[in-house]
Amino acid sequence: MSGDLSLNINIKEPRWDQGSFMGRAKHFFMVTDPRNVLLSSETLEEARVIVENYRAGTVKPGLTEDELWRAKYIYDSAFHPDTGEKMFVIGRMSAQVPMNMSITGCMLTFYRTTPAVVFWQWVNQSFNAIVNYTNRSGDAPITVNQLGAAYVSATTGAVVTALGLKSLATRLPPIVSRFVPFAAVAAANCINIPFMRQRELKYGIPVMDENGNRLGESANAAKQAIVQVVVSRIGMAVPAMAIPPVIMNSLEKRAFMKRFPILNAPVQVGLVGLCLVFATPLCCALFPQKSSMSVSGLEADLQERIRQLTPETTTVYFNKGL
């Protein structure tokens, strides 16, 4: 039996207009809220029940609109939008800030020796691999062998890139060497994300009409989705990996930092965290989560199928992943 709350609220879409950057930013500030990582399994399950019941036309008695939207964003932060499965906790977007501030802070602190560069690049790319797999687009499964091959290829590429850049930086001023981790991360994202999502490039991702009806799978849509995610991820790294090195280069010349060098890592991690709190949602908001492309940009056979099924459809939509 329905409660007093209207059943006309469209919780399939975000609360704010996704056609504007500000609307997307508000949405992702909610989705990437680090506090969501601390929510218990019971709270996540309660949110899932509220959302799924509401979609089925059943409203919990006494439920308010704000509580419904809160449940929707808790649900979105922990469950995959295509498969509905609960995502691995450190792969969720709400874990991006705490995980990245720790890893990136250490990458920026321990960049002087080759073993440290290799270790932290390996840790970072392992984490990225988990995030990229967890937030992949589509609902097609990926085998263990495919996942393993993608992980090894991406991680090896990232480490080799980092070491190559570190070698070049030895002939440059010290401040330049501080930016080696950023350059390596930017290059590695271009390797890691396509590798971890290679199945999408081969078999395509689901594309829908404006009403959410599935029309088929498109590799061209997957290419657009992956490019957008790469750009967002690199943009996400810019403030966190470009601003702290400049500040730390100045701070390390101060007497108190020379006296207490142990403060280097905590201060760097804190600076990175401050940047990421804003950079993560703002860069996720660069492109709509529900991305779109013209039917004319799809594969020829899929274009023909859509023209036969729904000739009035000129634009298709798909989840670009994160």
Side-chain angles (χ1 to χ4, degrees), residues 80-85 87-88 91-93 96 121-122 124-161 184-209 212-237 283-307 309 313-322:
H80 193 279
D82 290 328
T83 65
E85 66 183 13
M87 296 183 287
F88 185 45
R92 300 173 193 168
M93 292 310 293
Q96 282 285 294
Q121 282 295 328
W122 169 72
N124 187 51
Q125 293 312 313
S126 296
F127 170 64
N128 283 343
I130 293 171
V131 173
N132 295 335
Y133 174 74
T134 303
N135 294 280
R136 67 198 182 281
S137 175
D139 51 14
I142 182 170
T143 68
V144 174
N145 287 341
Q146 290 171 328
L147 185 60
Y151 168 71
V152 171
S153 301
T155 305
T156 301
V159 171
V160 169
T161 301
V185 166
N189 272 319
C190 297
I191 300 169
N192 198 322
I193 295 172
F195 265 119
M196 293 306 295
R197 295 176 61 172
Q198 60 183 292
R199 184 180 176 85
E200 298 172 32
L201 293 171
K202 185 175 182 179
Y203 298 106
I205 58 176
V207 294
M208 278 79 65
D209 62 18
N213 299 311
R214 189 162 175 165
L215 302 172
E217 290 75 38
S218 170
N220 289 354
K223 292 174 186 176
Q224 177 176 308
I226 290 171
V227 168
Q228 291 178 344
V229 171
V230 169
V231 171
S232 295
R233 293 289 186 84
I234 292 175
M236 204 181 294
C283 288
C284 283
L286 288 176
F287 304 100
Q289 181 67 35
K290 186 179 180 181
S291 195
S292 63
M293 69 185 303
S294 170
V295 169
S296 61
L298 301 173
E299 294 82 344
D301 59 334
L302 183 54
Q303 288 185 45
E304 182 61 29
R305 192 190 318 164
I306 292 173
R307 276 194 288 267
L309 293 174
T313 300
T314 58
T315 303
V316 295
Y317 302 87
F318 50 91
N319 169 32
K320 70 175 176 64
L322 289 171

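Bear in mind that the values here come from a model prediction, so they are computed numbers and not experimental data.
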Looking at [atom1] of [X] and [atom2] of [Y], how far apart are the two atoms once the value is rounded to the nearest 0.5 Å?
X	Y	atom1	atom2	answer
H80	N319	NE2	CG	6.5 Å
I130	M87	CD1	CE	13.5 Å
T134	R92	OG1	CZ	9.5 Å
S292	Y317	OG	OH	5.5 Å
M293	Q224	CE	CD	5.0 Å

[X] and [Y]: which non-hydrogen atoms are nearest, and at how many Å?
X	Y	result
L201	A219	O-CB, 3.4 Å
C190	V230	SG-CG1, 4.0 Å
R214	P206	NH2-CG, 3.4 Å
Q303	S296	NE2-O, 3.1 Å
D209	L215	N-CD1, 3.7 Å
I205	A225	CD1-CB, 4.2 Å

- Message: By the salt bridge (charged side-chain N to carboxylate O under 4.0 Å, His left out) test, which pairs, at least two apart or in different chains, include something from residues 283-293?
- Response: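 Residue pairs passing salt bridge (charged side-chain N to carboxylate O under 4.0 Å, His left out), neighbours aside: E13-K290.
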- Item | Pair listing, salt bridge (charged side-chain N to carboxylate O under 4.0 Å, His left out) test, anchored in residues 219-236, at least two apart |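 Residue pairs passing salt bridge (charged side-chain N to carboxylate O under 4.0 Å, His left out), neighbours aside: none found.
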- Task: Go through the steps for N220 and E299 under the test side chain to side chain contact (heavy atoms under 4.5 Å, CB included), then give the verdict.
- Result: CA-CA 7 Å; N220 289 354; E299 294 82 344; 3.7 Å; yes
- Query: Checking side chain to side chain contact (heavy atoms under 4.5 Å, CB included) for the pair C284/Q289: CA distance, chi angles, key distance, verdict?
  - Reply: CA-CA 8 Å; C284 283; Q289 181 67 35; over 6 Å; no
- Pairing residues for S232 by the side-chain hydrogen bond (donor to acceptor under 3.5 Å, both in side chains) criterion, not counting sequence neighbours: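 If we apply the side-chain hydrogen bond (donor to acceptor under 3.5 Å, both in side chains) test to S232, skipping adjacent residues, there are no hits.
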- Step by step, would you call Q96 with F127 a side chain to side chain contact (heavy atoms under 4.5 Å, CB included)? CA-CA 10 Å; Q96 282 285 294; F127 170 64; 3.5 Å; yes
